[in-house]
Amino acid sequence: MCCCSWCPKWCPLCREERQERQAEQAHQAEQAHQAEQAHQAEQARQEERARQEERARREERAREAERARHAEQARQEGQARQAERARQAEAAEQARQEEARQEEQARQAERARQAEAVEQARQEEQARRAEAAEEARQDEQARAEAADQARQEEQARQAERARQEERARQEERARQEELARKEERAWQAEAAEQARQAERARQAEQARQAERARQAEQARQAERARQAEAVEQARREEQARRAEAAEEARQDEQARAEAADQARQEEQTRQAERVRQAERAWQAERAWQEEQAREEQTQRVQQAQREQREQQEQEERRAQQEERAQQEAEERAGREQQVGQGTQYPLGATDPLAKAAKLQTPSPPNTAGSQFNGPTISITQVGGNIFEGKMSKPEPASASAPEPVTEHNGGWSKKVLLKIANNAFSDPSRRRYLSQCHPDIREQIVKQCEAWIQGPDFGRLLCITGVEGSGKSNIQWTLASLRARRSSRFFFSTSDATRNDLSRVAPTIAFQLGTIADRALREISSVADGDPYVFDASFQDQLDRLVVRPALVHMSTMTVIPPAQWRHAVLIDGLDQCEGHEQQKELIDAVKNSVLEHQTPLRVIITARPDSAIRSYLDEKDPKILHIDLDAIIANASATILSPSPTETAHLFPMEDVPVPKFDRSRLEEKARARTR
């Protein structure tokens with residue numbers, strides 16, 4: 001549709017503006033795509049350079065670690081060899097010292113035994129035993145104190161051999177004293193020679209160790225020099241790479257700056273063009289609003305004339321009905337007098353025909369509010385406690401009010417008919433807000449709502465929030481017109497006592513449900529007649545018994561349409577105009593407990609201002625409650641914004657660009673931007 005909602009086709013001005021918007025959007029998308037591609041290429045180059053630098057650094061660190069590991073391993077091996085040689089030399093030296101000490105002790109003992117007499121053989125044996133025990137103790141102590149196991153074993157073997165040799169020498173000396181003295185002198189000479197040889201070997205070993213230490217130190221110094229040279233070479237290469245990267249970055253930055261300057265100049269040109277387009281659109285919108293105001297003034301005058309004519313016709317019909325009732329009463333009284341068997345009514349009873357005539361008298365139109373021409377209801381007693389209700393449409397062209405209850409629908413309970421709010425079916429006074437909701441935005445949101453209602457069973461409550469004049473009532477009005485026989489609606493209003501609280505919400509929704517569902521009608525009338533206190537119960541109980549259960553009963557008896565595909569929309573507009581936050585919370589809680597927690601064919605759409613009680617429920621981020629923020633759409637010129645889970649509801653509410661109206665709405669948009677910040 002074009003900006004003029006009454007025009008069935010596009011006007012030339014709107015078509016030209018729409019083409020300009022589409023061309024501008026395509027140009028912006030192309031530029032954004034090119035900028036994104038350039039940015040991605042730049043990021044790819046930077047990432048590749050960073051990966052190459054990181055790879056080079058890792059390789060350099062690996063080479064340095066390998067060289068350090070080799071050097072450390074060589075140093076440890078040299079130290080181990082030196083320690084091993086030192087341990088071996090120390091063990092040999094200790095063995096030689098121990099052997100010399102033992103030999104010296106043996107010679108001293110031998111001289112003592114030679115000086116003593118033969119009769120002291122026993123004492124000499126005891127001395128030898130004591131000496132052997134002392135030697136064993138000394139050997140054991142030497143083994144316990146040694147830290148190296150190999151040295152301890154070598155010392156033990158040498159001590160054992162020394163003791164065995166000592167015992168053999170003692171036995172030999174005992175048999176041949178003279179030969180022992182000669183052997184002692186020879187042994188002393190040999191021991192001296194061996195000591196000299198050991199000393200020479202020790203000095204040679206120390207010289208070899210010193211030479212090896214010097215060579216190892218020279219190797220370490222050479223390795224450190226090579227490492228320092230490699231580090232210096234790597235540092236120079238790193239400096240060269242950094243200089244090259246800095247030069248490339250500078251060139252890239254210069255290219256980006258030039259591209260940014262060019263883009264800024266183009267953006268300034270586009271902004272100037274948009275300002276001119278906005279000015280033209282504002283002038284066209286202002287002219288259209290003035291034309292709309294003149295048309296509304298003409299319609300109000302015509303409506304007032306139609307109401308006056310209808311009121312006169314109703315007065316005439318009422319007078320005719322009263323005249324016919326009086327004539328029938330007179331004829332009946334004349335017939336009773338002629339026959340002589342007149343019917344006597346009990347005290348306080350009324351004539352059924354007169355009562356029926358009174359019930360059939362249509363109610364005068366409700367003139368409260370601005371130009372309301374709502375439906376009128378006539379009630380006729382069918383029999384017993386059952387009444388038949390008939391509702392007349394206010395205008396043939398309006399699809400917002402439900403069709404009248406006819407003969408095939410069955411009878412309505414009078415208790416239900418007395419509890420409904422006639423003005424809540426639709427609110428024609430809110431048509432003045434049509435010009436405040438852009439047609440493209442309204443069409444997009446209505447299309448999404450229709451897809452959600454008929455779509456899969458994902459969430460049954462949709463909340464539409466926005467400031468006053470953002471188009472909430474216009475969206476509900478459009479949905480009510482499109483789903484005339486597939487929805488129930490209730491328009492709250494603070495200026496109407498019948499629709500500013502919850503007392504008539506459930507009966508009104510139930511009445512509209514019953515006008516299109518025969519089985520639901522009988523269920524509702526049965527509940528109303530069976531429980532006289534149902535309308536005094538809580539709103540939760542009324543919603544369950546008058547709306548949810550009858551809808552489920554009707555769905556279970558459907559044969560033409562599969563029950564799983566039947567959907568009935570419940571449109572509640574202006575929740576913020578319901579008196580008191582407690583009643584607003586009670587309505588939302590009842591919808592959550594009755595509709596969201598059970599498998600029902602009902603889909604509830606509630607519109608309200610963002611500062612109403614509905615805000616606390618939206619802040620809880622309940623995944624079962626969907627949300628459309630009109631203020632965010634208008635302020636950001638973007639598609640519908642959903643919470644709490646846009647990814648899960650993307651198949652229901654696609655994110656598409658929706659153009660924003662260019663007329664003067666600065667104060668409304670400023671409030672929306674402040675709220676989003």
Quiz prompt | Criterion side chain to side chain donor-acceptor pair (under 3.5 Å) against R270, the qualifying member of Q28, Q31, Q265 | solution = Q31

Self-check item: From CZ (F539) to CG (D589), nearest 0.5 Å
Solution: 11.0 Å

Quiz item: So how far is it from R609 CZ to S470 OG, rounded to the nearest 0.5 Å?
Solution: 9.5 Å

Does the pair [X]/[Y] count as a salt bridge with the N-to-O cut at 4.0 Å?
X: D619; Y: R615; result: yes
X: E232; Y: R236; result: yes
X: E42; Y: R45; result: yes
X: R61; Y: E54; result: yes
X: R87; Y: E84; result: yes
X: E134; Y: R137; result: yes
X: E66; Y: R69; result: yes
X: R163; Y: E135; result: no
X: E238; Y: R235; result: no
X: R196; Y: E190; result: no

Looking only at side chains, do [X] and [Y] share a donor and an acceptor under 3.5 Å apart?
X: Q138; Y: R101; answer: yes
X: E47; Y: Q43; answer: no
X: Q540; Y: D544; answer: yes
X: E450; Y: Q454; answer: no
X: Q94; Y: Q155; answer: yes

Between [X] (side chain only) and [Y] (backbone N and O only), is there a donor and an acceptor less than 3.5 Å apart?
X: S616; Y: A613; result: yes
X: K472; Y: G466; result: yes
X: D576; Y: A608; result: no

Shortest non-hydrogen separation from [X] to [Y] and the atoms involved:
X: C449; Y: I605; value: CB-CD1, 4.3 Å
X: L552; Y: P601; value: CD2-CD, 3.8 Å
X: V595; Y: L602; value: CG1-O, 3.8 Å
X: C578; Y: Q584; value: O-NE2, 3.0 Å
X: A230; Y: E60; value: O-OE2, 4.4 Å

Quiz prompt | Test log, rule salt bridge (Lys or Arg N to Asp or Glu O under 4.0 Å), inputs R111 and E184 | solution = CA-CA 11 Å; R111 284 192 296 270; E184 181 179 356; 3.8 Å; yes

Self-check item: Intermediate values then yes/no, side-chain contact (heavy atoms from CB on, under 4.5 Å), I464 and D629
Solution: CA-CA 6 Å; I464 303 176; D629 190 351; over 6 Å; no

Practice problem: Let me know which of K592, R460, E597 forms a side-chain contact (heavy atoms from CB on, under 4.5 Å) with K624. | Solution: E597

Self-check item: Trace of the side-chain contact (heavy atoms from CB on, under 4.5 Å) decision for T465 with I614
Solution: CA-CA 9 Å; T465 60; I614 203 171; 4.2 Å; yes

Practice problem: Just do the side-chain contact (heavy atoms from CB on, under 4.5 Å) check on E258 and Q262 with the steps written out, would you? | Solution: CA-CA 6 Å; E258 293 176 357; Q262 184 177 1; over 6 Å; no

Practice problem: Please report the C-alpha distance between V604 and I606 in whole Å, then the side-chain angles of each, then the deciding distance to 0.1 Å, and finally whether the side-chain contact (heavy atoms from CB on, under 4.5 Å) criterion is met. | Solution: CA-CA 6 Å; V604 183; I606 300 177; 3.8 Å; yes

Self-check item: Q22: side chain to side chain contact (heavy atoms under 4.5 Å, CB included) partners, not counting sequence neighbours
Solution: R18

